[in-house]
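Reviewing the structure listed below.
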Amino acid sequence: MNNCQDTNRVPYLLDIRSLFLLLSRARNPIMPLIKPQHTISTFLVALCLALGILACPAWGEEADETLGLFSAWQEEASTASRAPKPLSQTAENVTVVTAPEIEAINAHTLADVLDTIPGIQIQHNGGPGITAYTFIQSTDFIHTQVYVDGVSITNVSSGFSDVSLIPANIIERVEIVKGAASSAWGQALGGVINVITKSPERGRTISGTATASIGERTTTDDSLELSGARGRLGYYLSGSLLDSKGVLPNTRIDSNRAYAKLAYDLPNHGQLWGTYFYTHADMGDLHAPAPAYDLDEKPDKLFMLGSLGVRYPLGDRLELEVSGHHSFNRTNNSYFNISDGAIWSWQTSLPTSIVKEQVSGASAKLVWRGENNLLVAGSDYNHLELFNNSSDGSTVSPFTRRVDRWGIYLNDTVTVGPVSVTPGVRFDHTQTAGDQFSPSIGATWQLTGATLLRAYTARGYGLPVLGLTDSPSVKIWTTQVGAESSAIPYIWAKGTLFRNQTWGNTVEQHMALGTELEIRTIPVWNTSLGTGYTFTDTTRTSDGNEVNNYARHTVQVALRYNDKTYRGVLTGRHIFWNSDPSENGHYGGLLWDLHLGATLLKRENSSLEVFFSAHNLFNGAQYYFDQIPNPGRWFEGGMRVRF
C-alpha cells in the first residue's frame, strides 16, 4: 500500500484495516499510559524536569511585537523559479515555513508541518513517522513533488512522496508552491514542496542541539545536531531515532535518520557543498485478523541521497551552479497470515514485494542578476533504474526498467517600478510519456506599501508511475489570482482564487474551482490568531457532476502565544474529504492539538527548554476512509538543550 503500485489494491487493503482498527479501538478505547522503556528518553526527560524544578524562575523578556509574517513577502525570498528572489516578485502561490514555526508545534516529521498549511491536505495512516499522503489544492497525491535541497525524493515507481520520512529537526525552511510548477521543476502538476535543510553555523567551531521526547505507546523521538565552522569549512550533522509501539494498533515504527552537510566557501562568494541523507523505517501498516482476512503487512523503507555541488560567480552579475546527485530507494512490503505466519493467501509465491530504485542525475543553471531582471537558464538530467518484484503474482513481475530523462528551462523576472513579470518555459524529454512543453507567465503588482497583487497561469504535467509498460502523461492548466495585504490594522490577509483543469488519457477530465483565504493577527499581549480556509469544487468536464475523493473544505486554526520564555500553540484542522459514500469517511468538527514550551535556562550560547504536546485533545474522528481512522487523544513531552 505504501508504494501504491497497484491502485486497485489500495481500497481492498484499506477495507481490511478499517474493520480491524474499529474492532481494536472498541475493545481498547483507552490507550496505554506511558511505558518508559526507552532509556535515553526517560533519562533526559527526567533530567529536564529536575533541572526545571531547580532552575531559577524563568524570566520574562520584552516580546517582539512585530510578526515577521507581516513583512515576510517584502523581505524573504523564494526559489519557486529555481533562483532566490523576493516573495514580492514571486507570482506563484507560495507559502514559506521556517524552523521557529516548526519547533513551536513540536513537529516530528515534515508531515506534521504540512498539516498546518492552508491549501494542503494530509492523509495520515497513523502517528509520527507512519505513511502520510500529501494533496495540494485537492490534486492527487502522486502529483505532489517533494525535494530535499532541490533533489527529488519522489518514488519513480509510484509517484508517491512519503513526507513522514523527513525529520523535522533538519529543516531550516520549507517552500511550498501550490499549483502547477512544471515550467521550472518538470513534472509538478499539483505543486512542489522544497525542503531546505539547515546550514552550518558560522562564527562558532561547534554548537548543537539535543532533543528528546517520550509519549504514549513508548513513542520517542531523540535527535542530536552539531554545527559549526572552522575557516572556510562549515558542517551540519544530525542523527535521530523515532520509535513507537503505535498510537493506532499495528502502526509501530522503528526508524533512524541521519543527515550531513559540508560547505566550503570559495573566493568571490562561491561555495562548494556536499550532502548525505539517510532514513530507514521499519513499521507496521495493516493488521486484519481472521476470520475476515488474517493479514499482517510490514513495510520496510530505506532511502539514501547524496549530492555534491558548486556555485561560483562568473562575473559581477552572472553565477553558475552545477550539482550532481545519487539516490537509492528500497521498499519491501511483507504479507503474512496472523494465525500461523504463513504467506498470506492473497500472495502466490513470495512473502515480500521488493521495489528498488536508483536515480543518478545532474543539474546546471546560470543565473543573471541585472538591475531590473533575474534571468535563470538551466537543465536537469536523471538516469532512473527500477527493479520491481511484486509478491502478488503479477504477470509482469519481476522486471527491470531503465529510463533517461532530461529537461531544459528558462525564466526571467523583469521588474519595472512596482510591477514584476515572470515568463517561463520548460521542455522535458521523459522517454516514457512523450515530450512535454510547459509554459507559464505570472506577475506581481505592489499596489501600495502594504498590498501586493499576484496572478499566475501555467500548463503543467504529471507522469504516470514507472512500470513495464508506458502510459501518457496527465496535463493541467492552472490559473491563480490573489492578493495579500496588511492594510487593515493588526491584520495580515492573503486570498487566492484558483482554477485547475486536468485532463489526460488515463484520468477523468475534471475542473477544480476554489479559493484559499488566510488571515493572521499581530500579537496582542504576545498572542496572535491565524486561520486558513480552502474550498474546492471539483466537477467532471463531461457532465458537470461533482467528483468525489477530492477534499471540498479545509479549515486550519492556530492560536499562538510566545513571550520568549513560554510559548504555546493551539491548532485545529478540519478536512471534508468528500470521499465516496461507500468509504464511510468521517469529518466531524476539528482535530485540536496543543503544543506548549518553556525556556527554563538561557545563556548567551546555550538554553534549556521543555515542551509538551497533547494530540487530538477532544478525541475527535476525522478520516478519509473508515478503514484508516485517525489516532485518538495521546500525549508526549520532552526537552531540548542548545549549546
Side-chain angles (χ1 to χ4, degrees), residues 1 4 7-8 10-15 17-18 21-22 93 111 114-125 131-144 159-160 163 178-180 189-191 462 474 476 478 480 495-504 506-518 531-557 572-592 616 620-631:
M1 183 182 64
C4 302
T7 55
N8 294 325
V10 173
Y12 179 58
L13 295 178
L14 296 179
D15 286 341
R17 190 175 188 229
S18 174
L21 295 180
L22 288 174
N93 182 7
L114 299 177
D115 257 333
T116 64
I117 307 302
I120 291 183
Q121 299 87 27
I122 299 292
Q123 178 195 334
H124 296 271
N125 272 16
T131 305
Y133 300 85
T134 305
F135 303 80
I136 297 180
Q137 291 181 345
S138 303
T139 53
D140 202 312
F141 69 86
I142 67 170
H143 297 311
T144 298
F160 175 50
V163 292
K178 290 175 280 188
L189 185 150
V474 180
I476 190 171
T478 184
Q480 306 199 22
T496 303
L497 299 174
F498 60 86
R499 175 187 184 276
N500 295 329
Q501 183 176 11
T502 307
W503 72 96
T506 58
V507 299
E508 190 175 48
Q509 183 170 327
H510 61 259
M511 178 76 74
L513 302 176
T515 184
E516 288 178 27
L517 179 62
E518 185 177 2
T531 63
Y533 172 68
T534 305
F535 170 78
T536 307
D537 179 44
T538 306
T539 58
R540 271 194 302 271
T541 306
S542 58
D543 56 16
N545 289 333
E546 183 182 65
V547 179
N548 292 119
N549 302 325
Y550 291 96
R552 191 169 178 82
H553 305 278
T554 306
V555 178
Q556 280 112 344
V557 180
R573 63 184 182 279
H574 168 86
I575 304 176
F576 181 82
W577 286 104
N578 197 30
S579 57
D580 190 280
S582 64
E583 292 164 345
N584 300 316
H586 193 99
Y587 324 119
L590 285 81
L591 299 184
W592 294 94
N616 195 2
Q622 193 176 122
Y623 41 81
Y624 184 86
F625 297 106
D626 58 357
Q627 298 88 346
I628 311 177
N630 57 282

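Throughout, numbering of the chain's residues begins at 1 and tracks the sequence.
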Problem set entry | Rounded distance [0.5 Å steps], CD in Gln501 versus CG in Leu513 | 10.0 Å
For this session: Could you check if a side-chain atom of Ser542 sits within less than 4.5 angstrom of a side-chain atom of Gln509, using non-hydrogen atoms only?
Result: no
Exercise. Do the two ring centres, one from His510 and one from Tyr550, sit under 6.0 Å apart?
Worked result: yes
Seminar exercise, completed: Correct closest heavy-atom pair for Gly572 and Leu590 would be C-CD2, 3.7 Å
Exercise. Distance-only, no hydrogens or angles: does the Asn549 side chain make a donor-acceptor pair with backbone N or O of Asp580 under 3.5 Å?
Worked result: yes
Exercise. Can you name the nearest heavy-atom pair linking Lys178 to Ile117, along with the distance?
Worked result: NZ-CG2, 4.4 Å
Problem set entry | Euclidean distance, Leu189 CG relative to Asp140 CG, rounded to 0.5 Å | 9.0 Å
Problem set entry | Nearest heavy-atom neighbours spanning Ala512 and Thr538 | CB-OG1, 3.8 Å
For this session: Would you check if Thr116 and Gln556 make a side-chain contact, meaning some heavy-atom pair closer than 4.5 Å?
Result: no
For this session: Scan side-chain atoms only and decide if His124 and Tyr623 contain a donor-acceptor pair under the 3.5 Å cut-off.
Result: no
Seminar exercise, completed: Interatomic distance, NE2@His574 vs CD@Gln622, rounded to 0.5 Å, equals 5.5 Å
Exercise. Is a side-chain N or O of Asn616 found less than 3.5 angstrom from the main chain of Pro631, in a donor-acceptor match?
Worked result: yes
Problem set entry | Chi angles and distances behind the side-chain hydrogen bond (donor to acceptor under 3.5 Å, both in side chains) call for Gln121, Thr554 | CA-CA 7 Å; Gln121 299 87 27; Thr554 306; 3.0 Å; yes
Exercise. Is a side-chain N or O of Thr534 found less than 3.5 angstrom from the main chain of Gly119, in a donor-acceptor match?
Worked result: yes
For this session: Applying side-chain contact (heavy atoms from CB on, under 4.5 Å), run through Gln137 and Asn93 and close with a yes or a no.
Result: CA-CA 11 Å; Gln137 291 181 345; Asn93 182 7; 3.6 Å; yes
For this session: Looking only at non-hydrogen atoms, find the nearest pair between Ile136 and Gly179 and report the distance.
Result: CG2-N, 4.2 Å
Problem set entry | Side chain to side chain, Asn578 and Glu546, heavy atoms closer than 4.5 Å | yes
Exercise. Does any N or O in the side chain of Asn630 come within less than 3.5 Å of the main-chain N or O of Gly620, such that one atom is a donor and the other an acceptor?
Worked result: yes
Exercise. Taking side chain as C-beta onward, heavy atoms only, is Tyr533 less than 4.5 Å from Glu516?
Worked result: no
Seminar exercise, completed: All heavy atoms of Tyr587 vs all of Ile575, minimum pair found to be CD2-O, 3.7 Å
For this session: Would you please classify the geometry between the Tyr624 ring and the Trp577 ring as parallel, tilted or perpendicular, with 30° and 60° separating the classes?
Result: perpendicular
Problem set entry | By side chain to side chain contact (heavy atoms under 4.5 Å, CB included) - contacts of Asn584 (at least two apart) | Asp626
Exercise. Can you tell if the side chain of Phe498 reaches within under 4.5 Å of the side chain of Thr536, non-hydrogen atoms only?
Worked result: yes
Exercise. Judged by atom type as modelled, is there a donor-acceptor pair below 3.5 Å linking the side chain of Thr144 to the main-chain atoms of Thr134?
Worked result: yes
Exercise. Is there a side-chain contact between Trp503 and Thr541, using heavy atoms and a 4.5 Å cut-off?
Worked result: no
For this session: Can you see which heavy atom on Ser138 is nearest to which on Ala551, and at what distance?
Result: OG-O, 3.0 Å
